[in-house]
Amino acid sequence: MHDIRLIRDNPAGFDAGLARRGLEPLSADIAAQDAQWRSVATELQEGLARRNEASKAIGAAMGKGDTATAEALKAEVAALKTRMPELEAQEKALAEAVQTRLAAIPNLPAADVPEGPDETANVEEHRWGTPRRFNFEPQDHADFGPSLGLDFEAAAAMSGARFAALRGQMARLHRALAQFMLDTQSGSNGYTEVNPPLLVRDDAVYGTGQLPKFAEDLFRTTTGHWLIPTAEVSLTNLVREQILTEADLPIRFTALTPCFRSEAGAAGRDTRGYIRQHQFEKVELVAICTPEQAIDEHAHMVQSAQGILEALELPYRRVLLCSGDMGFSATKTFDLEVWLPSQGVYREISSISTCGEFQARRMNARYRPEGEKGTRFVHTLNGSGLAVGRTLVAVLENYQNEDGSVTVPAVLVPYMGGITKLAPQA
RNA sequence: GGAGAGGUGGCUGAGUGGUCGAAAGCACCGCACUCGAAAUGCGGCGUGCCCUCGCGGGUACCGUGGGUUCGAAUCCCACCCUCUCCGCCA
């Protein structure tokens, strides 16, 4: 959510930011709507002021027992009030129109975000690890996975496309990955482990920015709840409508949760394999901090996510997203992409964004700066640390052997009860 | 799901139709006292929005949304949430 004052004060700057996102200028339109609202609001307030004045006089007259004066004043106010309902309705409609307008505008890119229309303009910043040289043709996990317990067929029979069941060693490996990630993030990386709600109300999803624009990407229950598409929603909303103490910041949360996405706009993309599912697990990282802390928190979050890939010895690269490829609420985003040998490409496995006060405004999440009066909006950040399903795919593909087995990464062996290899089950 | 109680400022908590943005206490800030601190005393201290160059003025806000009234924290309706008891349940 943008501050209307910023648009009033610097319309050109606002439109320039939108242009970097590939959007048409909106400031003139919004400013006009806003001016109209203010004029109506002022007129309404003047009417209310006169009414309040007269009502006080009525109270005073009645206190003195002067019924005649009181009755005369009552008649006067009644006449004065005839125009009020209309003005009130107008004011409300105009205020809502401006709000609705603002709520649908994405965050503006930070100054150091490269400009570009789509992912082709993203900038690779860092590369870690060397893709393994196979002395055989590396296979697609969708091909050799099923014999290791990755069951698409049975899941499709009960749930349809984009669902999978993990069995036996495969389920264990998935759990090991999740546990390892959660332990690491809640340990030395300093994120407080949370087990949050997976079903949330409109306000929460609006707060993080998935609503109102992206309802079609979400699942909704018959009770009107939304299934979270990411724990970013639950973790960030942990501070909604709160006034935090500066000394408590930064606050870091992590959670291992299922995520639910309808993938409405992804028809035909990644239909094979375990890359794009309606339901997947993810270890999420969220930070709530002051504006001054945000850059360091972002760096720390990136480190926290990269650390997982490095511990698993999975080659990856870090990409700074260009203005046109960022999500709705982000002002700056790094993606981590892991090497998938079967496709010979790096695929997104984590997205780490700083949102400035964009989400905080929507959630009304503030803090009280020390030695300053009043409150300020917090900054919010979120990132995957990591997507468990996609990490499983990366492990399977990078650690595959010619005989169809998969070596368990060393760091996971303790989580596997000593199992060092997934072997095909005929 | 049923019955009951309740949601008031950063916190605790008064207030059941008018002069209530709201008593009191705590917390916080300033001043006094003190070598300094504590204790004590005095004063200050909510937020959003609109108008104004500014001083300042106006308006809204007592869970949320409607309604009654000249006037609503206070009365009415709906909803949300919390607590207690009962039922059910992993």
Side-chain angles (χ1 to χ4, degrees), chain A residues 1-9 30-103 195-207 221-226 234 237-249 251 258 288 290 357 360-378:
Chain A
M1 177 68 75
H2 293 284
D3 187 351
I4 183 74
R5 279 171 297 197
L6 266 151
I7 300 172
R8 280 181 207 150
D9 296 347
I30 293 170
Q33 258 182 329
D34 175 53
Q36 201 189 350
W37 167 70
R38 280 193 287 169
S39 125
V40 172
T42 302
E43 192 182 342
L44 173 66
Q45 286 187 8
E46 281 164 0
L48 289 170
R50 270 178 278 144
R51 184 205 67 185
N52 288 346
E53 202 182 349
S55 287
K56 266 187 187 170
I58 291 169
M62 288 178 64
K64 278 187 269 179
D66 186 351
T67 333
T69 306
E71 287 306 319
L73 280 166
K74 275 191 199 181
E76 197 183 316
V77 176
L80 198 107
K81 270 200 353 170
T82 52
R83 224 175 109 60
M84 290 285 107
E86 189 200 333
L87 270 178
E88 264 170 24
Q90 256 188 56
E91 188 274 340
K92 200 177 160 189
L94 287 167
E96 259 171 36
V98 174
Q99 284 303 104
T100 304
R101 202 67 187 284
L102 287 176
N195 190 309
L198 308 178
L199 267 50
V200 298
R201 282 207 292 244
D202 291 4
D203 288 351
V205 191
Y206 176 88
T221 70
T222 53
T223 56
H225 288 95
W226 302 93
S234 309
N237 276 282
L238 245 23
V239 299
R240 69 174 293 117
E241 285 156 43
Q242 285 185 41
I243 299 174
L244 304 163
T245 305
E246 180 170 12
D248 293 340
L249 303 177
I251 295 173
I288 312 295
T290 69
E357 57 179 47
R361 272 181 190 284
R362 292 172 160 250
M363 295 188 304
N364 198 24
R366 295 164 293 167
Y367 75 102
R368 212 175 277 288
E370 276 164 39
E372 227 178 90
K373 61 176 174 184
T375 56
R376 292 162 74 189
F377 289 110
V378 295

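Quick note on labels: first sequence line is chain A, next is B, and so on, each numbered from 1.
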Integer angstrom distance from the P of B/U8 to that of B/G2: 25 Å
Complementary nucleotide for B/U40 - Watson-Crick or wobble, under 3.5 Å: B/A32
Per A/Lys74 side chain, nearest of listed nucleotides B/G58, B/C51, B/C70: B/C70
Pairwise C1' distance, B/G30 and B/C53 [rounded to whole Å]: 30 Å
C1' atoms of B/U69 and B/C76, separation to the nearest Å: 12 Å
Rounded C1' spacing from B/U64 to B/G6 in Å: 16 Å
Same-atom distance (C1') from B/A90 to B/C81, integer angstrom: 24 Å
Nearest-angstrom distance, C1' atom, B/A72 to B/G15: 13 Å
Base paired to B/A73 (Watson-Crick or G-U; both N/O distances under 3.5 angstrom): none
Phosphate OP1/OP2 of B/C50: any A/Arg8 side-chain N/O under 4.0 Å: yes
Side-chain N,O (A/Arg50) to OP1/OP2 (B/G58) below 4.0 Å: no
What are the atom names and distances for every N/O pair under 3.5 Å that joins the protein to nucleotides 60-66 of chain B?
unit_1	atom_1	unit_2	atom_2	d
B/A60	OP2	A/Asn52	ND2	3.4
B/G66	OP1	A/Lys92	NZ	2.6

Base partner of B/U19, which must satisfy Watson-Crick or wobble distances under 3.5 Å: none
Among B/G58, B/G10, B/G18, the nucleotide that comes nearest once only the side chain of A/Arg368 is considered: B/G10
B/G4 pairs with, by Watson-Crick or G-U criteria that keep both distances under 3.5 Å: B/C83
Rounded distance (Å) that lies between atom P of B/C51 and atom CG of A/Leu44: 13 Å
Gap in Å between the two C1' atoms, one belonging to B/G44 and one to B/G9, rounded: 16 Å
Residue matched to B/U12 through Watson-Crick or wobble contacts both under 3.5 angstrom: B/A24
Sugar-phosphate only, base, or nothing, as touched by A/Ala54 at under 4.0 Å among non-hydrogen atoms: nothing
Gap in Å between the two P atoms, one belonging to B/C42 and one to B/C35, rounded: 22 Å
Just the atom pairs and distances: protein N or O near nucleotides 78-82 of chain B's N or O, under 3.5 Å.
unit_1	atom_1	unit_2	atom_2	d
B/C80	O3'	A/Arg201	NH1	3.1
B/C81	OP1	A/Arg201	NH1	3.4

First encountered from the 5' end of RNA chain B, between A/Thr42 and A/Glu53: A/Thr42
